[in-house]
Amino acid sequence: MNRRTFLGTALGALAAGLDASGRARGDELPKEYRAAVAKGLDWVSKAQQRDGHWEANGGAYPSAMTGLGGMALLMEGSTLREGKYAEGIRRATDWLMERSQANGLLANPNIAAEAGRYMYGHGFGVLFLSQVYGEEEDNERRRKLEDFLTRAVDFIGKAQTTRGGWYYTSAADGHDMDEGSVTVTQMQALRAAKNAGIAVPKVIIDKALKYLENSTTDGGGVIYSLAQAGGRAFGGGQPALTAAAIACAFSSGEYSSPLAKKWIKFCQIHIPIANIQRFGHDEYTHYYYAQAMYVLGDESYAKMFPDSREAERLTWSRYRKAMFDHLIKSQSADGSWSGGYIGQIFATTAYLTILQLDNGTLPIYQR
């Protein structure tokens, strides 16, 4: 089943629009940003290792960076079989498939690069493989991918903590802690797998959504860890995790819940847009915040906040203008973006995700 068939099956008559070729599209990327995206994608392609993986500074997070690198290339419109980056997508797919453990884990917990934080790699690996699964036409490889993803979803379910979130390592390994960023990574991975036709038990999603609700302070921010807070959300909350929570809620179909509105209002106050400066975890923050703003769109935003003044509405078009102009100005000459301690691969793939949302090529990011 190729991507076009998959999109038709998974999304039905979703009003995202189709171009003449039948591929689902969004509003499409404005022309003034296309050269920067092309340059960034070429940098990512060249940064891919010969065996098909990408890695962060010091060789860290290879599975997570491979998932993100593969997603960036897919968003351009290339597939496993066609397009400028088809070979890179195939190599990334093969590398992740070869790393699948018997228990379903898409990472190697026995190497220093992933030990102690393998759930990140697992989540982003599932996210990526769920997208390529829908376009794999080789029956044998498709069956393998289905098996990998089925076991990977089962692994996520067993890794879930008693509070409903996830930690850097699996709860099945005796680590019944939780951490917000790992939690949203698993939630989006589960949504991607479900979109691809993989069975995802509803109880896992329900527990995760309840976890996010319990992690929300009175002011609307999501805290770092419910376990560390003794099971009670208090304090200011973290903008990065709150933005991620919005994206996960939208992925789960919660588009207009009171909680989602509360999160959006918190982010509007605490995440700088119009005059963007470097701040803690800004690549991660905008990676999810942009997804949420894009999915919501201008018209839906107005319906969600009917009493807000027009000048106060942070619609996708306004967010895009401010954020995209900032990204073009901050891009390095070689096409990459510099980032925090994780490094260029993470920053560049995160920003390319933001810049390519309007392409509308992947189900997980579509309206």
Side-chain angles (χ1 to χ4, degrees), residues 123 163-166 178-192 205-229 231-274 276 279-309 312-320 322-323 350 353-354 357 364-367:
R163 290 184 174 84
W166 283 269
D178 55 70
E179 195 274 344
S181 67
V182 184
T183 296
V184 298
T185 303
Q186 307 314 308
M187 290 181 70
Q188 195 165 61
L190 289 172
R191 169 50 59 177
I205 302 298
D206 289 344
K207 286 175 62 179
L209 289 171
K210 187 64 177 179
Y211 171 84
L212 291 180
E213 180 181 350
N214 291 338
S215 298
T216 303
T217 67
D218 291 340
V222 175
I223 63 172
Y224 169 76
S225 170
L226 198 58
Q228 286 188 5
R232 184 175 65 87
F234 60 89
Q238 298 195 6
L241 296 181
T242 309
I246 302 170
C248 285
F250 286 177
S251 292
S252 299
E254 298 290 331
Y255 295 105
S256 58
S257 69
L259 190 58
K261 291 181 180 180
K262 195 174 182 180
W263 288 334
I264 290 174
K265 288 181 179 179
F266 177 88
C267 288
Q268 286 181 318
I269 296 171
H270 295 283
I271 297 178
I273 303 295
I276 298 174
F279 62 95
H281 305 293
D282 48 340
E283 301 96 340
Y284 177 90
T285 301
H286 284 287
Y287 171 77
Y288 284 111
Y289 196 33
Q291 292 176 39
M293 290 296 96
Y294 173 73
V295 170
L296 189 58
D298 292 12
E299 292 184 7
S300 296
Y301 184 95
K303 293 178 181 178
M304 196 172 189
F305 299 100
D307 297 329
S308 64
R309 294 188 302 173
E312 296 174 346
R313 291 176 179 168
L314 180 59
T315 58
W316 167 246
S317 58
R318 287 177 178 167
Y319 174 93
R320 179 174 64 186
M323 189 65 189
T353 298
I354 296 170
L357 287 169
I364 191 64
Y365 300 137
Q366 287 180 339
R367 291 178 175 139

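Atom set for the values below is all heavy atoms of this structure, side chains included, hydrogens, waters and symmetry mates excluded.
The number of heavy atoms from other shown groups lying within 6.0 Å of NZ (Lys261) is above 12. The 12-atom threshold is exceeded at NZ of Lys207, counting heavy atoms of other residues, nucleotides or ligands nearer than 6.0 Å.
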- Item | Residues Ile271, Phe266; criterion side-chain contact (heavy atoms from CB on, under 4.5 Å); working and verdict | CA-CA 8 Å; Ile271 297 178; Phe266 177 88; over 6 Å; no
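Contact annotation: the side chain of Val295 never approaches that of Trp316 to less than 4.5 Å [non-hydrogen atoms, C-beta and beyond]. The side-chain heavy atoms of Gln238 and Val222, taken from C-beta on, include no pair separated by under 4.5 Å. Proximity of Leu209 to Met187: side-chain heavy atoms (C-beta onward) are separated by under 4.5 Å at one or more points.
When all heavy atoms of Thr183 and Gly165 are compared, the pair lying nearest together is OG1-CA, 3.5 Å. When all heavy atoms are compared, the tightest approach of Val184 to Ala245 is CG1-N, 4.2 Å. Smallest separation of non-hydrogen atoms from Leu241 and Ser181: CD2-N, 3.3 Å. Smallest separation of non-hydrogen atoms from Arg163 and Ala227: NH1-CB, 3.5 Å. Listed here is the closest heavy atom pair of Pro239 and Cys267: O-SG, 4.1 Å. The two atoms that bring Ala292 and Ala247 nearest to each other are CB-N, 4.1 Å, heavy atoms only.
The OH atom of Tyr288 sits 12.5 Å away from the CD1 atom of Ile246 when rounded to the nearest 0.5 Å. The structure places CD of Glu179 at 11.0 Å from CD1 of Ile223, a figure rounded to the nearest 0.5 Å. Interatomic distance, Leu226 CG to Thr216 OG1, rounded to the nearest 0.5 Å: 9.5 Å. Between the OG1 atom of Thr242 and the CD atom of Gln268 there is a distance of 12.5 Å, given to the nearest 0.5 Å. Lys210 NZ to Asp206 CG: the interatomic distance, rounded to the nearest 0.5 Å, is 10.5 Å. Expressed to the nearest 0.5 Å, how far NE2 of His286 lies from OG1 of Thr353 amounts to 14.0 Å.
Judged purely by distance below 3.5 Å, without hydrogens or angles, the side chains of Glu213 and Ser215 never pair a donor atom with an acceptor atom.
With sequence neighbours left out, Gln188 forms a side-chain hydrogen bond (donor to acceptor under 3.5 Å, both in side chains) with Gln291.
Using bins of under 30°, 30° to 60° and over 60° for the plane-to-plane angle, the ring pair Tyr289/Tyr319 lands in the perpendicular bin.
When the options Trp166, Tyr224, Tyr211 are evaluated for a side-chain hydrogen bond (donor to acceptor under 3.5 Å, both in side chains) with Asp178, the one that passes is Tyr211.
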